[in-house]
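Order of the sequence lines fixes the chain letters, A, B, ..., with proteins taken first and strands second; residue numbering starts at 1 for each chain. All values below come from the heavy atoms of this structure, side chains included, with hydrogens, waters and symmetry mates left out. The shown structure was predicted, so the numbers you read here are calculated from the model rather than taken from an experiment.
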2 protein chains.
Amino acid sequence: MSDRQHVTLEDVARTAEVSLATASRALNGTTRVRDDLRERVLSAAAELAYTPNAHAQALAGGSRRTVGVICHDISDPYFAAITRGVMRVADSHGLLVMLAGTFADPDRELACVSALRAQRATAILLTGSAFEDRAWERRMAAELDPYRRGGGRVAVVTRHRSLKADTVAPDNRGGARAMAEAMHRLGHRRFAVVTGPERLTTVADRVTGFREGLAAAGIELSERDVFTSSFDRDGGYAAAGALLAARHRATCVLTASDVMALGVVSALREAGLSVPDDVSVTGFDDLPLVRDLAPPLSTVALPLERLGAEALELALDPGSASRGRVRRLPGEVLLRGSTARPRRRRRA
Amino acid sequence: MSDRQHVTLEDVARTAEVSLATASRALNGTTRVRDDLRERVLSAAAELAYTPNAHAQALAGGSRRTVGVICHDISDPYFAAITRGVMRVADSHGLLVMLAGTFADPDRELACVSALRAQRATAILLTGSAFEDRAWERRMAAELDPYRRGGGRVAVVTRHRSLKADTVAPDNRGGARAMAEAMHRLGHRRFAVVTGPERLTTVADRVTGFREGLAAAGIELSERDVFTSSFDRDGGYAAAGALLAARHRATCVLTASDVMALGVVSALREAGLSVPDDVSVTGFDDLPLVRDLAPPLSTVALPLERLGAEALELALDPGSASRGRVRRLPGEVLLRGSTARPRRRRRA
DNA sequence: CTGTTAGCGCATTCAT
DNA sequence: ATGAATGCGCTAACAG
């Protein structure tokens, strides 16, 4: 039993008693090969449990069978859904997905791109929102440009300022605006916003949308109406705590994501408030699970899987050489049980 | 602008005016290199935005920087949590994660292993439960054995009969038994089980556990008490519908997973039943989100991230040459709001 | 310490 | 249609 015993194409060729070239051709179907020879090769390969060495294939210039996906945290259902969309189309193209998690660390994101570059991935998909940071953008471009020059394709989900990559852009701003307007129409006049750090472009866009929608109704959001925390469930919980502590009189809390809304609702409920009787709460994304909440969450629905699927399709399609094409996807306001008309007077 | 312009180590060496070998050593820190030379190499590499070709590195026998994770569906929070654990330790080892989704298709699972094998992944982690199918097991072994022979490591989460791979095994059976007993102690006497297809070993183990726990209390589960459907949220919803249609008189529904429980609760609620006043419902896994449900779900808590993390650690640790070591992790019964003492008489 | 050289496994020219 | 030879980019002997 030798140390590492990889079956190579040469083994297959020898077993089939053909040349290396013929074995390669028979396996790849590149060129016509006499039937009996091909049979021999195929059965030899099967017998030896041969698997081509993808590295050798890639090196020899034969293939690039992987795509890289970079997200903040795969256990966030938002990224899970997007990644699922990516995997669907990757699967249909016979591509393998390399998933990299950055845990929202800008430096780690850079490192991931570098690693994916090294793997000569066919395409790199940036699914997390960008960081609003000049220096970081420059470094990211410094990674991506050589990658592109080497034939790599790049696509991003959501806006990446000055990255001039193919983009799939959900309408965060418009969706947020529409939601704010819808809540105003419902009768709400006192609002609070619960959100993540605004250096994330997604967050910034959504908050801007909320502001615009409210402004259109003549309502200004002051600094004290915006509660910022981490962009996850616990952030929502904490922000709602702060809101409660500040005795904020909002009848409606606009939240920048469904996951944060989850935390908001829990905090409110623990404080003895009823959603939506005392406070209406809205989310953003329409994660699969929020319809199963009690009450089901009103939210801005985004076609998450499509976001991922189209990002990969865009990257794979040589269309315009991966210049900055932008595919916009709308968000849809979904009013469910977590929102209601405000009561005349607030209890407690 | 040539077609594909990859910067290679040779370019770096030439720019730094050193030999190829020196450049390689300077970059990898393999051997001591004179400081000034090393400086020249490093700055040349930076200037040219050089990234080593991972394929060439792998081919030359230098590295195996990726691990493969195979799961059923990354948008299932169960797999997302496990994968997150894997990614954490992968990150700390400088490894990249290749994620493959099988959508619970046995054939696709085989194909994924083959692809990962081709990529010469350091380790392959099977996180989905096995399929109870002799022929399938044989074919899987036929993929895995040569992979191992080539130095590849394999670890699985949950039981894979006769795969003799390193295993991280949550105590599905024991946890299920404990939950059944807990519900009996709470006062329940009429039970129903909602579950996925029993050809999945995880499902089979959990159902067995339920049966054992109930049997210990003198309660036999008949065929009509078990509602089988797809192992996801919609499956739970459908199964609960069937249960309702059959006018089953259970006061407690034991569900094989949290995701299924999500569907069960929704269906029950839509039918006008209250959880837990009319029916108690239990889940399995303790997904992060279930504590935010109203009522929060009683469930068997599994350390999901640890499952993934330990699987990779096990695979990476050369310990006993990847023989069938088994690391068992207990499940803990968590009683929350979705369960209560049965009422004397059932309403409706 | 540094440079030269030989493969790693494969796809792909070239000849035949 | 098939076989022999070249090189992809890199690391690890091997010499100096």
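A 4.5 Å side-chain heavy-atom check between P170(B) and L307(B) finds at least one atom pair inside the cut-off. Within the 4.5 Å cutoff, the side chain of V33(B) has no heavy atoms near those of the V41(B) side chain.
For D317(B) and R153(B), the salt-bridge test fails: no basic side-chain N is under 4.0 Å from an acidic carboxylate O. A salt bridge links R38(A) with D35(A): the closest approach of a Lys/Arg side-chain nitrogen to an acidic carboxylate oxygen falls below 4.0 angstrom.
Distance, L37(B) CG to dC1(C) P: 11 Å, rounded to whole Å. A straight line from CG of N53(B) to P of dC10(C) spans 16 Å, rounded to a whole angstrom. The distance from atom NE2 of H55(A) to atom P of dC10(D) is 14 Å, rounded to the nearest whole Å. Here the P atom of nucleotide dC10(C) and the CZ atom of R65(A) are 16 Å apart, to the nearest Å. The CG-P distance, from L48(B) to dG9(D), rounds to 14 Å in whole Å. The distance between atom CZ of R64(A) and atom C1' of dC8(D), rounded to the nearest whole Å, is 13 Å. Straight-line distance from the CZ atom of R40(A) to the P atom of dA1(D): 17 Å, rounded to whole Å. Between the P atom of dA11(C) and the CG atom of L59(B) lies a distance of 11 Å, rounded to the nearest Å.
Paired with L99(A) under the rule side-chain contact (heavy atoms from CB on, under 4.5 Å), one option of I70(A), I74(A), V67(A) passes, and it is I74(A).
Close to dG3(C), at under 4.0 Å from its OP1 or OP2, lies a side-chain N or O of T22(B). In this model, the phosphate group of dG9(C) is not approached by any side-chain N or O of T8(A) to a distance below 4.0 Å at OP1 or OP2.
In this structure, CG in L304(B) is found 12.0 Å from CZ in R84(B), a value given to the nearest 0.5 Å. If you take CD on E310(B) and CD1 on I82(B), they are separated by 12.0 Å, rounding to the nearest 0.5 Å.
Looking only at distances, a side-chain donor or acceptor of Y147(B) sits under 3.5 Å from a matching main-chain atom of A121(B). With hydrogens and angles ignored, the 3.5 Å screen pairs no side-chain donor or acceptor of W136(A) with any backbone N or O of F131(A).
Distances from the side chain of S19(B) to the nucleotides dA1(D), dG3(D), dT4(C) place dT4(C) closest.
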Quiz item: Using a cut-off of 4.0 Å between protein heavy atoms and nucleotide atoms, how would you tag nucleotides 11-16 of chain D 5' to 3' with B, S and -?
Solution: BBB---
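Applying a 4.0 Å cut-off to non-hydrogen atoms, none of the residues of residues 115-124 of chain A approaches DNA chain C.
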